[in-house]
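To find a chain, count down the sequence lines: A is the first, B the second, and so on, and within it residues start at 1. No experiment lies behind these values; they were computed from the predicted model shown.
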Amino acid sequence: MIKAPPGTKDILPPESEIWQKIEETARKIFKLYGYREIRTPIFESTSLFQRSIGEVTDIVEKEMYTFKDKGGRSLTLRPEGTAPVVRAYLEHQFPQKDQFQKFYYMGPMFRYERPQKGRYRQFHQIGVEVFGPSHPMMDVEVIAIQWRLFKELGIDNIEVVINSLGCEKCRPAYRERLVEYLRANRERLCETCQRRLERNPLRVLDCKNEGCRRVVREGPEITEFLCEDCKKHMEQVEKGLQQLGIPYRVDPFLVRGLDYYTRTVFEFIHKSLGAQNTVSAGGRYDHLVKELGGPDIPGIGFALGVERLVLILNARGLQEEKKPLYFILLGEDSLMKGMELMEKLRNNGIPVMWTGKTGSIKAQLRLANKKGASLVAIMGEDELNRHSIKIKNMETGEESEVKWEEVSSFLSSYYS
RNA sequence: GUGGGCGUAGCUCAACAGGUAGAGCGCUGGACUGUGGCUCCAGUGGCUGUGGGUUCAAGUCCCAUCGCCCACCCCA
């Protein structure tokens with residue numbers, strides 16, 4: 001038997017209903033904040049990701065699905081959503097015609113990693129990107145959107161963690177000081193961190209190893225190195241969050257795995273997720289647009305992992321959708337008339353379906369029951385002759401015979 | 001890429017110390033002729049992930065391989 005490739009999976013009902021719920025809620029909220037959808041290709045030129053994410057990151061070095069097409073072009077299945085959106089923003093001349101843009105996107109991303117809880121090779125992200133504003137209140141807005149989304153989905157015990165990564169003026173000084181400090185404590189670090197120290201020292205900050213954490217906690221904090229502008233930016237973000245009543249925690253050691261972030265970074269963390277406990281994250285990227293060949297336009301965005309969100313929602317259990325009215329039709333004549341009746345009910349927005357069986361009433365009723373129907377409509381010769389149909393409540397067993405013309409209004413309150 | 005755990009019926013799991021595979025649930029039908037759920041009865045179920053090896057004999061022991069899960073790593 002052929003199975004789905006490792007790290008991929010089918011999203012079957014009823015789980016697909018949770019996905020729809022998430023997507024619908026997200027779209028509704030994005031609209032509320034004035035964001036519009038952008039859809040970019042699933043694959044892009046490999047160089048786009050090399051230049052944006054950073055050559056020495058793990059994503060670029062070993063996790064990309066890269067291949068050559070028949071024309072010899074090197075293409076890569078997108079490992080994240082921001083770079084493609086920036087590329088589209090530039091390709092369609094937005095800086096020249098309408099710099100200020102708020103986009104949202106949702107779709108699959110691809111990274112070649114070993115699958116585990118909350119981590120897949122094909123996974124889905126929902127995210128936004130804002131181009132233009134450098135004001136800290138836009139950072140607050142982007143965090144507020146996520147906060148609202150989780151709240152609306154009924155997730156409350158989520159933790160918001162923020163930090164500032166500084167800018168090109170202040171980060172180098174911190175980085176230098178950090179490397180100096182870490183080198184001095186080299187023998188206390190784990191093996192991977194000793195390697196990281198030379199390649200990507202900021203990543204030592206979020207090592208999970210207890211020994212490394214202790215070293216990090218005793219070391220320099222970026223907060224102390226921020227320049228006046230960055231410090232002020234951070235303060236404003238905090239004030240904004242307080243104003244909106246969004247609880248948060250500052251973690252001076254929070255960093256991101258992608259090179260392009262500047263100033264504000266944030267993560268939304270949920271305990272139930274296991275080792276991959278970040279459900280949503282992002283930050284400001286003030287020079288990414290420039291690095292990809294455009295003018296120096298600041299940006300900020302977030303991405304959330306849909307699979308991880310589903311994990312949280314699944315663990316909690318989501319309320320069942322209302323089941324459609326099941327039609328039990330006995331005999332050819334009833335079936336024919338029933339098809340017509342069902343169409344009429346659908347015209348009025350009432351979800352109905354035929355059991356698909358032509359057998360005995362018992363068999364059909366049993367099927368409807370198995371499918372969890374709460375209401376069924378029964379029509380045989382008797383009802384047909386009386387131009388009516390029986391509506392049966394499967395929970396109470398109660399039945400009432402209703403004229404064809406009145407079925408729709410009879411049901412409207414239940415299915416409103 | 002590294003480590004640990006696990007692969008037996010559609011699902012959850014049994015099978016003493018190697019002796020030729022079993023239960024519950026599910027599914028189909030019946031008892032019940034136009035009324036489901038409950039009950040009872042019957043039926044349906046498997047190349048024990050795959051390929052080798054040891055043995056008179058392998059679900060069980062050994063090796064390899066594939067897959068799943070979790071963790072490292074990484075990140076949404």
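Dense packing is recorded around CZ of R217(A), with more than 12 heavy atoms of other residues, nucleotides or ligands lying under 6.0 Å away. Around CZ of F43(A), the count of heavy atoms belonging to other residues, nucleotides or ligands within 6.0 Å does not exceed 12.
Donor-acceptor pairing under 3.5 Å, judged by distance alone, is present between the side chain of E399(A) and the base of U35(B).
A cation-pi arrangement is present between K337(A) and W404(A), with the terminal nitrogen or guanidinium carbon under 6.0 Å from the aromatic centre and inside a 45° cone about the axis. Taking the centre and axis of the six-membered ring of Y112(A), the NZ or CZ atom of K62(A) falls outside the cone set by 45° and 6.0 Å. K102(A) forms no cation-pi arrangement with F131(A), by the criterion of a distance under 6.0 Å to the ring centre and an angle within 45° of the ring axis.
Distance Y326(A) OH to G37(B) C1': 16 Å, rounded to the nearest Å. Rounded to whole Å, atom C1' of C72(B) lies 14 Å from atom CG of D206(A). L384(A) has its CG atom 17 Å from the P atom of G34(B), to the nearest Å. Regarding F49(A), its CZ atom lies at a distance of 16 Å from the P atom of C75(B), rounded to whole Å.
For the C1' atoms, the distance from C61(B) to A23(B) is 27 Å, rounded to whole Å. Taking the P atoms as reference points, C56(B) lies 16 Å from G18(B), given to the whole Å. Here the separation of A14(B) from C72(B), taken at their P atoms, is 28 Å to the nearest Å.
Distance from the side chain of A303(A) is smallest to A76(B) among G34(B), C73(B), A76(B).
For the OP1/OP2 pair of C73(B) and a distance below 4.0 Å, the side-chain nitrogens and oxygens of R195(A) include no atom meeting the criterion.
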Verdict with reasoning, E267(A) to R249(A), per salt bridge (Lys or Arg N to Asp or Glu O under 4.0 Å): CA-CA 10 Å; E267(A) 273 186 15; R249(A) 178 167 66 83; over 6 Å; no
Y174(A)/F225(A) under ring pair (Phe, Tyr, Trp, His ring centres under 6.0 Å): CA gap, chis, key distance, verdict: CA-CA 6 Å; Y174(A) 169 66; F225(A) 286 78; 5.4 Å; yes
Chi angles and distances behind the salt bridge (Lys or Arg N to Asp or Glu O under 4.0 Å) call for R121(A), E113(A): CA-CA 6 Å; R121(A) 289 183 176 176; E113(A) 302 179 271; over 6 Å; no
Using nucleotides 29-33 of chain B, report all nitrogen or oxygen pairs with the protein that are shorter than 3.5 Å.
unit_1 : atom_1 : unit_2  : atom_2 : d
C32(B) : O2'    : K362(A) : NZ     : 2.9
C32(B) : O2     : K362(A) : NZ     : 2.7

Between the protein and nucleotides 41-48 of chain B, which nitrogen or oxygen pairs come in under 3.5 angstrom?
none

Distances for protein N/O vs nucleotides 68-71 of chain B N/O pairs under 3.5 angstrom?
unit_1 : atom_1 : unit_2  : atom_2 : d
C70(B) : OP2    : K117(A) : N      : 2.8
A71(B) : OP1    : A275(A) : N      : 3.1
A71(B) : OP2    : Q116(A) : NE2    : 3.0

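Neither side chain, W19(A) nor E23(A), offers a donor N or O lying under 3.5 Å from an acceptor on the other.
Ranked by how close their nearest RNA chain B nucleotide is to the 5' end, S360(A) and E80(A) are led by S360(A). In terms of position along RNA chain B, the nucleotide closest to L330(A) lies nearer the 5' end than the nucleotide closest to the other residue of the pair R203(A) and L330(A).
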